[in-house]
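Shown next, in structure tokens, is the structure this report addresses.
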Amino acid sequence: MLRMTRAELHALVWAKPMTEIAREFGVRDQHVAQACDANDIARPRAGHWQKIDHEKTVESEALDNMRYALDAVVLIQSAARGQGRRRKSNGESATRRKAA
């Protein structure tokens with residue numbers, strides 16, 4: 001489980017891509033994004049990291065503290081293996097195709 005303040009998470013999501021954050025802390029990038037949205041933490045828009053890679057000027061958004069305090073704690077569950085959608089075995093998908 002990832003536990004940090006809103007200010008720390010804001011600084012982190014503007015310092016590196018969410019996929020890197022997810023890999024580093026063992027969480028899913030979607031969970032990081034959901035935590036940002038739920039706690040009013042602005043995230044970089046699509047293309048932000050590509051602009052940085054091409055040395056373009058980018059601006060980060062300030063952390064809004066109207067609804068939540070800067071030191072409010074944000075919890076992000078770690079990525080558990082084996083959860084999520086169950087993949088079909090080859091036998092199941094072949095049977096479904098024949099039946100259709």
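The first residue of the sequence shown is numbered 1, and numbering continues consecutively from there.
Note on L70 and I76: same hydrophobic cluster, where clusters join Ile, Leu, Val, Met, Phe, Trp and Tyr whose side-chain heavy atoms are under 4.5 Å apart, directly or indirectly. Cluster annotation: V13 and I52 are assigned to distinct hydrophobic clusters (Ile/Leu/Val/Met/Phe/Trp/Tyr, side-chain heavy-atom contacts under 4.5 Å, transitive). Put simply, W49 and I41 are part of two different groups of oily side chains (I, L, V, M, F, W, Y) that touch within less than 4.5 Å, one to the next. Taking hydrophobic clusters as Ile, Leu, Val, Met, Phe, Trp and Tyr residues chained together by side-chain heavy-atom distances below 4.5 Å, M1 shares a cluster with V73. Residue Y68 is not grouped with residue L63 when hydrophobic side chains (ILVMFWY) are merged at heavy-atom distances under 4.5 angstrom, including chains of intermediate members.
Nearest heavy-atom pair across A22 and D29 is CB-N, 3.5 Å. Closest of all the heavy-atom pairs between E61 and A42 is OE1-CB, 3.5 Å.
Atom-to-atom distance recorded for L75:CG and M4:CE is 10.5 Å, nearest 0.5 angstrom. The CD atom of E8 sits 3.5 Å away from the OG1 atom of T5 when rounded to the nearest 0.5 Å. Once rounded to the nearest 0.5 Å, the distance linking CZ of R23 with CZ of R28 reads 14.0 Å. Taking NE2 of H31 as the start and CG of L2 as the end, the distance is 12.0 Å to the nearest 0.5 Å. A distance of 4.5 Å separates CE of M18 from SG of C36, quoted to the nearest 0.5 Å. Annotation: the span from Q30 atom CD to T19 atom OG1 amounts to 10.5 Å, rounded to 0.5 Å.
Side chain of H48 to backbone of E59: no donor-acceptor contact under 3.5 angstrom is found.
At a threshold of 4.5 Å between non-hydrogen side-chain atoms, the residues E24 and K16 count as touching. A 4.5 Å side-chain heavy-atom check between R6 and D40 finds at least one atom pair inside the cut-off.
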*From CA spacing to verdict: side chain to side chain contact (heavy atoms under 4.5 Å, CB included), R43, V32*: CA-CA 10 Å; R43 300 184 281 139; V32 176; over 6 Å; no

